Asker: 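Dumping the structure here so I can ask a few things about it.
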Amino acid sequence: RAKLRQRGGHLYFSRSMGVDIRERVRLMHALRAAVGRQDLFVVYQPQIDLDSRRPVGAEALLRWKIADGGFVPPDRFIPIAEYSGLIIEIGARVLREACTQLVRLHRSGHAGFTMSVNVSQVQFRDPHFLDMLRAVLAETGAPPHCLELEITESIAMEEPDALIELLNQIKSTGVSIAIDDFGTGFSSLSHLQRLRADRLKIDRSFVTEISASTRGSSIAEMVVQLGRNLGMSIVAEGVEDEHQAQILRELGCPLAQGYLFARPMAIDQLMSWLSSPR
Ligand code: C2E
Ligand code: MG
Ligand code: MG
Ligand code: MG
């Protein structure tokens with residue numbers, strides 16, 4: 001990461017940061033142009049019930065396709081969308097698209113299917129967020145109890161009182177809340193309890209660890225226990241092999257997503273994946 005250096009009272013950018021900033025500005029302009037075109041689109045990764053091995057929902061994930069046929073990874077462009085403020089418009093589009101597809105899924109025989117949508121901290125700070133959410137629910141007709149918003153653990157730690165108030169208002173619409181990448185931040189347990197989130201998502205790093213570690217001492221196990229004690233549902237992220245799926249099930253983790261089951265895919269692919277026998 002490029003560093004901001006201070007000399008003689010003046011802040012200046014190191015040469016490496018100058019390059020980085022030009023690159024980021026370039027990406028920001030490209031991203032602005034991509035909004036509203038087909039270059040930004042949503043893919044869906046199934047979430048699986050570990051007992052029945054049936055898909056019960058999906059997480060919506062944003063993709064940005066660029067001219068040369070490649071993709072810019074979300075971990076690279078989401079931060080740019082955040083600091084440019086573009087995430088407010090982009091995030092609303094993702095939510096509308098995910099809700100539209102949720103209704104389509106329900107109508108094609110997948111009643112009760114759930115949809116999880118990632119929401120950035122910047123969106124949460126937007127005073128119009130709640131109105132936007134209500135408008136999208138009304139316009140699309142998506143049933144709120146089948147929609148979940150994912151917030152990262154690090155967001156969850158900021159501005160506790162304002163956040164708790166917003167989460168309560170969101171929950172009063174019927175929409176549920178999941179804490180994403182759980183275990184990577186520094187939540188205080190009392191704060192976690194006050195958030196009254198519905199679900200914890202065990203971060204992929206702790207799922208990866210399962211292969212190597214012996215049972216009884218894993219962070220994944222602690223997260224499952226914590227979720228249970230707080231009456232929260234649990235989803236494990238990034239399950240890549242059968243061993244991890246077995247252990248998670250034995251630990252009492254009810255749901256999982258990961259390459260073992262399915263990669264994120266376009267909505268039409270998801271539709272046919274859901275109706276093909278496994
Ligand atoms: P996330 O919400 O934690 O999403 C899970 C990430 O893990 C996704 O990466 C998914 O493709 C990846 N993944 C799923 N299963 C596996 C697996 O078995 N192995 C491995 N190695 N990876 C797996 P992706 O799609 O690149 O997204 C990265 C992050 O970007 C997301 O992490 C989320 O924080 C953010 N993001 C994506 N879409 C959106 C969006 O619409 N809005 C916002 N605010 N953030 C988004
Ligand atoms: Mg997520
Ligand atoms: Mg995650
Ligand atoms: Mg993540």
Side-chain angles (χ1 to χ4, degrees), residues 31 34-35 39-48 50 55 57-65 70-102 114-126 129 132-133 136 147-156 176-185 197-211 219-220 223 234-245 248 255-267 269-270:
L31 185 59
V35 176
D39 309 5
L40 275 183
F41 59 96
V42 183
V43 290
Y44 301 88
Q45 184 177 38
Q47 295 177 329
I48 308 295
L50 281 174
E59 177 177 7
L61 294 159
L62 192 57
R63 291 292 176 265
W64 180 14
K65 194 174 167 180
F71 291 89
V72 184
D75 289 331
R76 180 127 176 80
F77 74 81
I78 297 286
I80 291 168
E82 287 176 332
Y83 81 63
S84 63
L86 283 170
I87 193 69
I88 293 182
E89 183 182 347
I90 294 171
R93 282 170 187 260
V94 171
L95 186 69
R96 185 170 287 109
E97 176 64 18
C99 286
T100 301
Q101 301 305 346
L102 178 63
T114 62
M115 184 65 74
S116 304
V117 178
N118 294 285
V119 176
S120 148
Q121 172 174 28
V122 176
Q123 289 175 271
F124 264 21
R125 291 215 189 99
D126 171 21
F129 180 80
M132 184 278 290
L133 174 65
V136 168
L147 178 67
E148 176 178 79
L149 302 183
E150 297 189 0
I151 62 171
T152 59
E153 188 184 9
S154 45
I155 306 178
S176 55
I177 302 290
I179 308 212
D180 205 352
D181 304 341
F182 188 75
T184 59
D198 303 275
R199 195 179 266 191
L200 293 179
K201 296 194 78 174
I202 308 175
D203 190 67
R204 176 160 63 89
S205 56
F206 306 122
V207 172
T208 308
E209 208 184 56
I210 288 176
S211 324
I219 292 176
V223 176
I234 316 284
V235 186
E237 295 192 288
V239 176
E240 292 184 350
D241 62 52
E242 195 51 55
H243 175 70
Q244 293 165 346
L248 284 162
L255 301 169
Q257 60 185 98
Y259 295 168
L260 172 64
F261 310 107
R263 296 204 172 230
M265 52 190 134
I267 189 64
Q269 264 179 290
L270 177 69

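Note that these values count all heavy atoms, side chains included, but never hydrogens, waters or copies made by symmetry. These numbers were taken from a predicted model, which means no experiment stands behind them. Counting convention: from 1, in listed order, for ligands and their atoms alike.
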Asker: Is any side-chain heavy atom of Val239 less than 4.5 Å from a side-chain heavy atom of Ile48?
Answerer: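 Val239 does not reach Ile48 side chain to side chain.
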Asker: Which is it for Glu59 and ligand 1 at heavy atoms under 4.0 Å: side chain, backbone, both or neither?
Answerer: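 The answer is the side chain.
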Asker: Assess, by modelled atom type and distance only, whether the side chains of Glu237 and Gln257 contain a donor and an acceptor separated by less than 3.5 Å.
Answerer: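 Their side chains do not contain a donor-acceptor pair, so the 3.5 Å distance test is not met.
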Asker: Within less than 2.8 Å of the Mg ion (ligand 3), any N, O or S from Asp181?
Answerer: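 True for Asp181.
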Asker: Where does Arg263 meet ligand 1, judged by heavy-atom distances below 4.0 Å: at the side chain, the backbone, both, or neither?
Answerer: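 Near ligand 1, Arg263 shows nothing, with every heavy atom at 4.0 Å or more.
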Asker: What I want to check is whether the side chains of Ser116 and Glu59 have a donor and an acceptor closer together than 3.5 Å.
Answerer: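 No pair is found: no donor N or O on one side chain lies under 3.5 Å from an acceptor on the other.
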Asker: Is a side-chain donor or acceptor of Gln45 paired with a backbone partner of Ala262 at a separation under 3.5 angstrom?
Answerer: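 Yes, the answer is positive, given that a donor and an acceptor are paired below the 3.5 Å cut-off.
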Asker: Report the part of Glu237 in contact with ligand 1, treating N, CA, C, O as backbone and CB onward as side chain, heavy atoms under 4.0 Å; options are side chain, backbone, both, neither.
Answerer: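 For Glu237, only side-chain atoms sit under 4.0 Å from ligand 1.
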Asker: Determine, step by step, whether Phe206 and Thr184 satisfy the side-chain contact (heavy atoms from CB on, under 4.5 Å) criterion, reporting the C-alpha distance in whole Å, the side-chain angles of both residues, the deciding distance to 0.1 Å, and the verdict.
Answerer: CA-CA 9 Å; Phe206 306 122; Thr184 59; 4.3 Å; yes
Asker: side-chain contact (heavy atoms from CB on, under 4.5 Å), that's the test. Do Leu260 and Asp241 meet it? Break it down for me.
Answerer: CA-CA 6 Å; Leu260 172 64; Asp241 62 52; 5.5 Å; no
Asker: How wide is the angle at the Mg ion (ligand 2) spanned by Asn118 OD1 and Glu150 OE1, rounded to 10 degrees?
Answerer: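 Rounded to 10°, it measures 90°.
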Asker: Any side-chain heavy atom of Ile267 sitting closer than 4.5 Å to one from Val42?
Answerer: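 Counting from C-beta outward, Ile267 and Val42 never come under 4.5 Å.
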Asker: Under 3.5 Å, is there a donor-acceptor pair between the side chain of Asp39 and the main chain of Trp64?
Answerer: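 Absent.
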Asker: Which of the numbered atoms in ligand 1 are under 4.0 angstrom from any heavy atom belonging to Gly258?
Answerer: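 Those qualifying, in numeric order: 15 (N), 18 (O).
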Asker: Under a 4.0 Å heavy-atom limit, does Asp181 contact ligand 1 with its side chain, its backbone, both, or neither?
Answerer: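 The answer is the side chain.
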Asker: Residue-level breakdown please: for Asn118 versus ligand 1, do any non-hydrogen atoms fall below 4.0 Å on the side chain, on the backbone, on both, or on neither?
Answerer: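 The answer is both.
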Asker: So which of Phe182, Phe261, Tyr259 gets nearest to atom 17 (C) of ligand 1, if we judge by its closest heavy atom?
Answerer: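 It is Tyr259 whose heavy atom sits nearest to atom 17 (C) of ligand 1.
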Asker: Give the name of the N/O/S atom in Glu59 that lies closest to the Mg ion (ligand 2).
Answerer: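 Closest N, O or S atom of Glu59 to the Mg ion (ligand 2): OE2.
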Asker: Can you tell me which portion of Leu61 lies within the under-4.0 Å heavy-atom range of ligand 1? Options are side chain, backbone, both, or neither.
Answerer: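 It is both parts that get close, each with some atom under 4.0 Å.
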Asker: Looking at Val94, which atoms of ligand 1 are within less than 4.0 Å of one of its heavy atoms?
Answerer: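 This gives 41 (O) as the contact atoms.
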Asker: Report the member of Ser120, Pro264, Ala256, Ala178 with the shortest heavy-atom distance to atom 11 (O) of ligand 1.
Answerer: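 Comparing heavy atoms across Ser120, Pro264, Ala256, Ala178, the nearest one to atom 11 (O) of ligand 1 lies in Pro264.
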Asker: Examine distances only and state if a side-chain atom of Glu89 and a backbone atom of Leu86 form a donor-acceptor pair shorter than 3.5 Å.
Answerer: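 Not at all, since once roles are kept as given, no pair shorter than 3.5 Å links the two residues.
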Asker: Go through ligand 1 atom by atom and flag the ones less than 4.0 Å from a non-hydrogen atom of Asp180.
Answerer: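 Checking each atom against Asp180, I get 1 (P), 2 (O), 3 (O).
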Asker: Spell out, as yes or no, whether a donor-acceptor pair under 3.5 Å connects the side chain of Glu97 to the backbone of Arg93.
Answerer: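 No, because the side chain of Glu97 does not come within donor-acceptor range (under 3.5 Å) of the backbone of Arg93.
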Asker: Any idea which atoms of ligand 1 are less than 4.0 Å away from a heavy-atom of Gln45?
Answerer: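 Ligand 1 atoms under the 4.0 Å threshold to Gln45: 14 (C), 15 (N).
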Asker: Can you list the ligand 1 atoms lying under 4.0 Å from a non-hydrogen atom of Glu240?
Answerer: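 Per the distance check, 17 (C), 18 (O), 19 (N), 20 (C), 21 (N).
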Asker: Check Arg199 against Val235 and note the closest heavy-atom contact, atom names and distance.
Answerer: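 The answer is CD-CG2, 3.4 Å.
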Asker: Under a 4.5 Å cut-off applied to non-hydrogen side-chain atoms, are Asn118 and Val94 in contact?
Answerer: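 No; the side chains remain at least 4.5 Å from each other.
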Asker: Give yes or no for whether the N/O distance cutoff of 3.5 Å, strictly under, is met between Ala60 and ligand 1.
Answerer: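 No; every N/O pair is 3.5 Å or more apart.
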Asker: Taking a cutoff of less than 4.0 Å between a non-hydrogen atom of the residue and any ligand atom, is Arg63 in contact with ligand 1?
Answerer: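 Yes, that is the case, since the closest heavy atom of the residue is under 4.0 Å from the ligand.
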Asker: Please determine whether Asp180 has a backbone or side-chain N, O or S atom lying under 2.8 Å from the Mg ion (ligand 3).
Answerer: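 It does: Asp180 brings an N, O or S atom closer than 2.8 Å to the Mg ion (ligand 3).
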Asker: Which bit of Val42 gets closer than 4.0 Å to ligand 1, counting heavy atoms only: side chain, backbone, both or neither?
Answerer: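 Val42 to ligand 1: no contact under 4.0 Å from either part.
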